[in-house]
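Worksheet: one structure, shown below.
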Amino acid sequence: MPFSKHILSTEWTFRDRDDETPDAWMPVAAVPSTVQQDLIANKKLEDPYIGFNELKARWVNEKSWVYRHTFQRPEIPTGATVALVFDGLDTFASVKLNGETILEASNMFLGYRVDITKALGSPNSTNVLEIEFDCAQLKAIELRKTDPDHKWQGMFGDMARLAARKAQYHWGWDWGPVIMTAGIWREVRLEVYSGRVEDLWPQAHLTPDHKTATVTATAKVDASNSEPCVARFHLTLRGQEIASQDIPVSSDRTAQASFEVANPELWWPHGYGAQTLYEVSVSLLCNGNELHRVAKRFGIRSAEVIQQADKHGKSFYFRINGMDIFCGGSCWIPADSLLPSVSAERYRKWIELMVAGGQVMSRVWGGGIYEDDAFYDACDELGVLVWQDFMFACGNYPVWPDFLESVRKETVYNVQRLRHHPSIVIYVGNNEDYQFQEQTGLTYNYEDKDPESWLKYDFPARYIYEKLLPELVSEYSPSTFYHPGSPWGDGKVTTDPTVGDIHQWNVWHGTQEKYQIFDSIGGRFNSEFGMEAFPHMSTIEYFVENDQDKHPQSQVMDFHNKADGHERRLATYLVENLRMSTDLETYAYLTQVLQAETLMFGYRGWRRQWGDDRKCGGALLWQLNDCWPTISWAIADYFLKPKAAFYTVKRVLQPLVVGVRREHHDWSVAHAQPPTQSRYEMWVASSRQEVLHGTVELRFLSVVTGKDIRAPAVFTDVTIAPNGSSDITSGVIDHVTEPEPHVLSARLWVDGQIVARDVDWPQPLKYLDFSDRGLEVKQQPGASAGQQRLIISAQKPVKCLVFEERENVRLSDSAIDLVPGDEQVVEITGLSASDTPLGYRYLGQ
């Protein structure tokens with residue numbers, strides 16, 4: 001019989017396990033879901049994202065829940081199998097069918113399959129499926145007690161979380177609430193078949209000259225009979241068949257086809273080439289009948305992490321299809337605390353936002369989840385590289401046998417699920433576990449190469465990161481690079497800037513350095529760094545219910561900022577750099593200016609270092625997104641509204657970038673005494689692969705009058721080095737002869753078009769007078785319906801001109817620095833001529 005599936009999404013009910021009264025059962029609109037979503041739908045729980053409602057929802061975390069579904073026995077032909085399939089159960093679940101336990105689940109990251117053919121009743125019978133979700137919070141505490149000798153240490157939440165294979169951020173993080181979800185969080189279905197394709201694995205090997213690729217497709221078959229079967233493989237591109245093969249299924253129930261592809265179309269990250277996706281499909285044919293068909297899309301590409309000795313230490317950067325790629329991008333946390341609410345469309349919008357922002361890599365952080373297929377599909381289709389952490393974060397994990405076995409199954413399941421995605425170019429063992437080991441003095445002897453001895457140390461999880469995971473990645477996805485942790489570098493201290501990747505948190509955390517020196521404290525690959533900022537006012541108004549709480553220091557505002565010491569840190573950076581305000585809208589804007597400046601200083605310098613023997617191989621800011629409406633390091637808030645930093649990062653990650661800066665003068669150390677001289681330098685960075693020629697202009701403009709203090713310097717026919725950086729000029733500003741504060745304004749022309757701008761300002765910005773800027777903003781119709789354009793100009797230098805963000809409205813640019821004589825254009829999509837013009841503000845307005 002042909003394979004068929006029946007998705008069990010509706011007609012569920014649920015109740016508190018301890019409430020056995022007849023009216024305890026409540027309807028479930030649809031699964032996948034979480035108990036919190038179902039309680040909200042039944043008006044038993046208020047939205048935990050608003051006000052202090054998270055606290056009102058804490059009782060849900062301490063309960064156990066039962067879900068029930070009644071279904072008719074499907075038609076089962078003779079010899080067929082019926083399987084009950086769960087793509088995700090959150091987390092400790094006991095599954096009963098007609099009163100008999102058929103599954104005990106304990107890992108949120110695993111899928112489960114149970115043969116229920118014999119457990120079903122007679123034809124046309126009614127069957128009752130019940131799933132009891134044990135309280136994960138209490139269950140984790142019980143598990144912790146079973147290993148009292150282990151050092152249960154870590155950051156964030158109850159350390160019992162380390163015992164549970166559940167998304168760690170559910171215990172609360174420094175950007176997220178404590179919401180312990182439970183429920184059927186991914187699809188559940190019945191599958192009826194006499195034979196099925198259990199797994200299809202396409203692998204592509206590309207020759208160094210890119211002229212040929214060998215595509216190997218391996219199918220694993222689950223057949224309930226011993227009849228001879230054939231696997232019919234098809235290789236297609238854009239719906240057109242390239243080749244096909246019929247391969248007999250072997251005695252070990254596998255079949256493998258190999259295809260030679262001449263002059264293959266390669267898959268590239270966006271900005272470097274097309275995101276070409278081939279498709280391989282396999283049909284299982286038994287006695288001439290097609291029983292099941294499975295298809296997967298994949299890309300033909302090579303991916304390497306280049307680690308080699310050089311003058312800076314040991315490199316760490318990515319090479320795709322033989323091309324070195326500066327990986328500018330961001331870290332990704334789960335897009336919601338209530339995961340089933342994230343639709344495929346919402347995933348795609350996030351990745352589209354990354355692409356619009358010039359970001360080529362997303363790091364799936366290890367305290368969340370192995371993401372939904374829709375996330376990776378969008379990355380494949382839109383050309384975003386994926387750095388995939390395994391799900392361990394900020395702690396000392398145990399290694400008892402059952403735990404290790406669960407991790408093994410979890411790893412195999414997810415690597416098999418994800419390995420065909422061309423976007424995934426690295427697997428990484430954990431987030432900050434080595435860093436935590438180092439900070440707390442747990443034992444780690446890199447020279448000890450005996451894995452069995454690692455299990456006896458007080459940091460036994462090394463066994464997971466340096467033996468279990470790399471062996472499984474090597475077996476199930478051998479072409480994908482594995483890195484033991486983030487940050488990590490050959491067993492050296494995790495802050496070593498000469499090797500591996502680092503998390504540079506000495507801006508904001510740690511020594512709280514001035515953000516103006518960010519680029520000088522980077523490493524070979526900066527996989528975390530950031531600065532907090534408030535979200536947009538519309539988002540604040542969503543979670544702040546009362547007008548009296550709409551000020552920066554209200555309790556509800558602090559409650560929606562989970563970062564330890566955020567008041568001091570944010571206030572310190574603000575008071576050091578900007579003129580303060582207690583008006584909420586202005587304060588929120590100032591925090592966004594602060595974040596934008598911080599990330600610009602880091603990215604701008606690190607991008608330049610790419611041209612210095614790949615001194616910096618990439619930078620992934622913390623973080624792209626939020627899991628609830630909050631105040632955090634995200635550069636776009638929960639509702640996908642970009643903050644100012646999104647645009648400054650976008651400009652620094654464009655294919656061609658001009659940079660100008662003066663040397664840092666630490667006004668705090670100098671007691672606000674101004675410098676007598678300042679050195680400056682200007683350069684161009686390029687990710688283009690060909691040599692280009694352009695014109696670069698440098699202007700010196702008074703902040704006070706907007707006039708040129710000296711004649712512009714113009715450099716014509718400048719040679720721009722490919723995929724690197726090119727120094728243009730340097731010099732000295734004499735503040736005695738030129739005492740007026742002034743900006744350095746750089747522009748780059750290529751083929752007669754301005755392709756990049758940069759403006760360097762005297763620091764700190766709080767010392768500057770921004771009154772009477774002579775700003776003019778004109779709105780004009782765009783090229784088509786739903787498009788508008790803004791023509792902006794100024795008589796004096798303007799700092800961080802930010803336009804209002806609206807839902808479904810997209811801006812080509814914002815957070816703009818503007819100088820006299822340089823009119824700029826902002827394209828707006830999704831705004832009609834009849835809509836109210838966008839509001840805007842700039843520093844000092």
Side-chain angles (χ1 to χ4, degrees), residues 326 328 504 507 513-522 526 529 531 576-578 593-612 615-616 619 645 647-654 656-668 670 674-686 696-703 709-710 712-713 715 718 720 724-735 738 740-748 756-768 797-800 815-819 822 843:
F326 178 83
Q504 184 45 274
V507 172
E513 301 292 338
K514 296 281 200 303
Y515 64 70
Q516 288 84 354
I517 68 160
F518 220 156
D519 65 323
S520 70
I521 57 174
N526 305 306
F529 62 98
M531 173 61 69
E576 281 183 342
N577 291 282
L578 301 168
V593 174
L594 176 70
Q595 184 188 49
E597 288 290 285
T598 301
L599 298 184
M600 182 278 292
F601 269 94
Y603 265 110
R604 183 175 65 178
W606 293 329
R607 176 84 186 275
R608 183 188 185 189
Q609 291 170 15
W610 173 248
D612 181 11
K615 182 180 180 182
C616 176
Y647 297 99
T648 56
V649 170
K650 174 182 178 178
R651 284 194 292 272
V652 180
L653 291 181
Q654 291 305 295
L656 290 168
V657 175
V658 65
V660 61
R661 70 170 178 196
R662 71 196 78 195
E663 65 184 329
H664 175 61
H665 170 72
D666 195 330
W667 62 94
S668 299
T676 56
Q677 285 188 333
S678 297
R679 291 196 58 81
Y680 67 85
E681 50 195 355
M682 182 171 65
W683 66 92
V684 171
S686 172
V696 184
E697 174 197 71
L698 177 61
R699 295 175 68 193
F700 303 79
L701 292 145
S702 167
V703 175
I709 287 177
R710 62 169 90 166
F715 305 84
V718 169
I720 301 171
S725 57
S726 306
D727 292 339
I728 306 300
T729 191
S730 62
V732 175
I733 303 169
D734 188 332
H735 296 291
E738 297 173 330
E740 227 175 306
H742 56 280
V743 300
L744 308 179
S745 172
R747 291 191 290 179
L748 169 65
R757 296 176 171 88
D758 191 28
V759 181
D760 179 80
W761 295 78
Q763 301 291 327
L765 296 169
K766 66 182 179 181
Y767 292 163
L768 304 179
V798 170
K799 181 64 186 173
C800 206
I816 296 167
D817 290 353
L818 198 63
V819 298
D822 186 23
L843 196 61

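Note that the structure is a prediction, hence the values are computed from the model and not measured.
Remark: the H665 side chain and the S678 side chain contain no N/O donor-acceptor pair separated by less than 3.5 Å.
With sequence neighbours excluded, the residues that form a side chain to side chain donor-acceptor pair (under 3.5 Å) with W761 are D817. Partners of W683 under the ring-ring contact (aromatic ring centres under 6.0 Å, His included) rule, at least two apart in sequence or in another chain, do not exist in this structure. In this view, S702 and T705, E740 satisfy the side chain to side chain donor-acceptor pair (under 3.5 Å) rule, not counting sequence neighbours. Y647 is linked by a ring-ring contact (aromatic ring centres under 6.0 Å, His included) to nothing, counting only residues two or more places apart in sequence or in another chain. Residues passing the side chain to side chain donor-acceptor pair (under 3.5 Å) test with E738 are R710, sequence neighbours excluded. Under the rule for a side chain to side chain donor-acceptor pair (under 3.5 Å), the partners of D822 that lie at least two apart in sequence or sit in another chain are R747, R757.
Y603 places a side-chain N or O within donor-acceptor distance of the main-chain N or O of A619, the cut-off being under 3.5 Å.
A salt bridge is defined here as a Lys NZ or Arg NE, NH1 or NH2 lying under 4.0 Å from an Asp or Glu carboxylate O, and D727 with R608 meets this definition.
In this structure, the side chains of L744 and F700 come closer than 4.5 Å at one or more pairs of heavy atoms.
The distance from the NZ atom of K514 to the OG atom of S668 is 3.0 Å, given to the nearest 0.5 Å. To the nearest 0.5 Å, the span separating CD1 on I733 from NE2 on H742 amounts to 4.0 Å.
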